[in-house]
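Working notes, beginning with the structure itself.
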Amino acid sequence: KGRKTSNNKGMSLVELLCSVAILGIAITAISGAMIVSAQNYQKSNVEFDIQKEAQNATNLIGNLVVDAEEVKWEDYDADGVDDLVIYKGDVIYVVRFEQIAGAIGRLVYEEINKVDFSLIARGVLAEDVTGFNVDTAAFATNKNVKVDLKVKKDDKEYDASYNTTARNAEKTNATLG
């Protein structure tokens with residue numbers, strides 16, 4: 001008689017509210033960690049992409065220099081900016097920095113017929129370029145050329161340097177693109 005029976009078939013409102021609050025805190029913490037992880041992943045991808053682009057461009061230039069008969073750093077098109085000019089057989093390769101906006105530009109190449117100076121091909125070697133310099137002073141004596149390229153995207157910047165030496169009498173078919 002006088003005994004109370006408890007009915008524990010469900011949760012009280014207080015227990016439900018506590019569960020929802022704890023779940024909300026956990027979801028907020030997990031989503032914050034996921035956002036930071038995604039941002040770091042994107043920054044890593046940007047850094048990888050600009051490194052890959054700079055290295056590909058310098059490697060392609062190096063492939064041409066290896067088989068070059070003559071390499072010059074001169075104002076080929078008389079626009080006041082020096083260009084990398086590579087003479088190889090019946091073709092002249094001109095690699096130049098084209099300014100797009102501010103200090104940012106792109107590295108482009110032209111393949112020109114040495115006989116009639118007609119354009120054979122034109123393409124882009126690298127985007128988001130902030131610097132391009134070539135040292136050809138040692139080419140006449142030891143066939144060495146040094147290429148420096150700077151690529152920047154967002155807050156990431158990558159400097160690529162490439163030294164290559166031309167082969168003396170060997171002939172190959174290295175081309176751009």
Side-chain angles (χ1 to χ4, degrees), residues 10-68 71 73 75-77 79-86 93-111 121-139 144-167 172-177:
M11 295 182 359
S12 69
L13 182 58
V14 173
E15 291 172 329
L16 182 62
L17 289 176
C18 287
S19 298
V20 169
I22 292 169
L23 184 62
I25 292 169
I27 288 174
T28 301
I30 291 170
S31 63
M34 289 177 63
I35 289 171
V36 169
S37 176
Q39 289 171 341
N40 288 339
Y41 177 76
Q42 186 170 1
K43 285 180 183 179
S44 296
N45 275 351
V46 167
E47 191 170 341
F48 174 76
D49 289 345
I50 63 173
Q51 286 178 3
K52 180 180 168 187
E53 189 163 15
Q55 289 173 350
N56 283 344
T58 55
N59 287 342
L60 287 170
I61 292 169
N63 287 344
L64 290 175
V65 169
V66 162
D67 300 314
V71 178
W73 179 242
D75 187 4
Y76 181 80
D77 55 358
D79 65 353
V81 179
D82 283 343
D83 308 307
L84 174 60
V85 184
I86 303 166
Y93 296 92
V94 180
V95 180
R96 69 172 51 98
F97 173 75
E98 280 186 355
Q99 200 163 353
I100 297 173
I104 303 281
R106 63 183 173 197
L107 200 61
V108 298
Y109 76 93
E110 291 177 348
E111 191 175 335
R122 187 179 200 309
V124 177
L125 290 177
E127 299 281 352
D128 304 311
V129 175
T130 59
F132 177 58
N133 191 40
V134 180
D135 183 1
T136 60
F139 189 80
N144 191 35
V145 175
K146 181 180 181 195
V147 176
D148 293 314
L149 180 65
K150 289 184 181 184
V151 180
K152 181 177 183 177
K153 191 169 188 175
D154 299 334
D155 62 340
K156 301 288 184 189
E157 187 169 32
Y158 182 74
D159 297 332
S161 289
Y162 190 91
N163 289 304
T164 190
T165 303
R167 293 181 239 175
T172 65
N173 293 322
T175 59
L176 289 174

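Predicted model only: the values in this text are computed from it and were never measured.
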Open item on the list: Do the side chains of Asp128 and Arg106 get close enough for a salt bridge, i.e. N-O under 4.0 angstrom?
Closed with: no
Open item on the list: Tell me the closest heavy-atom pair linking Lys152 and Ile104, and the distance in Å.
Closed with: O-CD1, 4.5 Å
TODO: Could you tell me whether a side-chain N or O of Asp154 sits under 3.5 Å from a main-chain N or O of Lys156, the two making a donor and an acceptor?
DONE: no
- [ ] Calculate, to the nearest 0.5 Å, the distance between atoms CD1 and OH belonging to Ile86 and Tyr109 respectively.
- [x] 12.0 Å
- [ ] With the side chain counted from C-beta on, respond yes when Tyr162 and Asn59 share a heavy-atom pair under 4.5 Å apart, and no when they do not.
- [x] yes
Open item on the list: Working to the nearest 0.5 angstrom, can you tell me the gap between Glu15 CD and Cys18 SG?
Closed with: 8.0 Å
TODO: Nearest 0.5 Å please: distance from the CG atom of Leu60 over to the CG atom of Leu64.
DONE: 7.5 Å
Task: Side chain proximity check, Ile25 to Leu23, heavy atoms < 4.5 angstrom - done: no
Task: Flag side-chain contact, heavy atom, 4.5 Å: Leu84 against Arg96 - done: no
Open item on the list: If you compare all heavy atoms of Ser31 against all heavy atoms of Thr28, which two are closest, and at what distance to 0.1 Å?
Closed with: OG-O, 3.1 Å
- [ ] Report yes if the distance between the aromatic ring centroids of Trp73 and Phe132 is under 6.0 Å, otherwise no.
- [x] yes
- [ ] Would you confirm whether Asp83, through its side chain, and Asp75, through its main-chain N or O, come within 3.5 Å as a donor-acceptor pair?
- [x] no
Task: Lys153 atom NZ, neighbour heavy-atom count above 12 within 6.0 Å - done: no
Task: Considering all heavy atoms, the nearest Ala103-Phe97 contact - done: O-CZ, 3.8 Å
TODO: Considering non-hydrogen atoms only, spot the tightest contact between Gly62 and Thr164 and give its length.
DONE: O-OG1, 3.9 Å
Task: Test item: Leu125 and Val108 side chains (from C-beta on) under 4.5 Å apart, heavy atoms - done: no
Open item on the list: A side-chain contact here means heavy atoms from C-beta on lying under 4.5 Å apart; do Leu149 and Val129 qualify?
Closed with: yes
Task: Flag side-chain contact, heavy atom, 4.5 Å: Thr130 against Val151 - done: no
- [ ] Assess whether salt bridge (charged side-chain N to carboxylate O under 4.0 Å, His left out) is satisfied between Glu98 and Arg122, documenting all intermediate values.
- [x] CA-CA 13 Å; Glu98 280 186 355; Arg122 187 179 200 309; 2.4 Å; yes
TODO: State the NZ-CG distance between Lys146 and Asn133, to the nearest 0.5 angstrom.
DONE: 8.5 Å
- [ ] Can you measure from CG (Asp79) to CD (Gln99) and round to the nearest 0.5 angstrom?
- [x] 11.0 Å
Task: Between OG on residue Ser161 and NZ on residue Lys150, distance to nearest 0.5 Å - done: 9.5 Å
- [ ] Before giving the answer on side chain to side chain contact (heavy atoms under 4.5 Å, CB included), spell out for Asn40 and Val36 the whole-Å C-alpha distance, their side-chain angles and the decisive distance to 0.1 Å.
- [x] CA-CA 6 Å; Asn40 288 339; Val36 169; 3.8 Å; yes
Open item on the list: I'd like to check Lys52 versus Asn56 (side-chain heavy atoms, cut-off strictly below 4.5 Å). Are they in contact?
Closed with: yes
Task: Test item: Thr58 side-chain N/O and Ala54 main-chain N/O as donor-acceptor pair under 3.5 Å - done: yes
Open item on the list: Quick one, Val95 and Ile61 - any side-chain contact, counting heavy atoms below 4.5 Å?
Closed with: yes
- [ ] I would like to know whether Glu53 and Tyr158 meet side-chain hydrogen bond (donor to acceptor under 3.5 Å, both in side chains); could you show each step before the answer?
- [x] CA-CA 10 Å; Glu53 189 163 15; Tyr158 182 74; over 6 Å; no
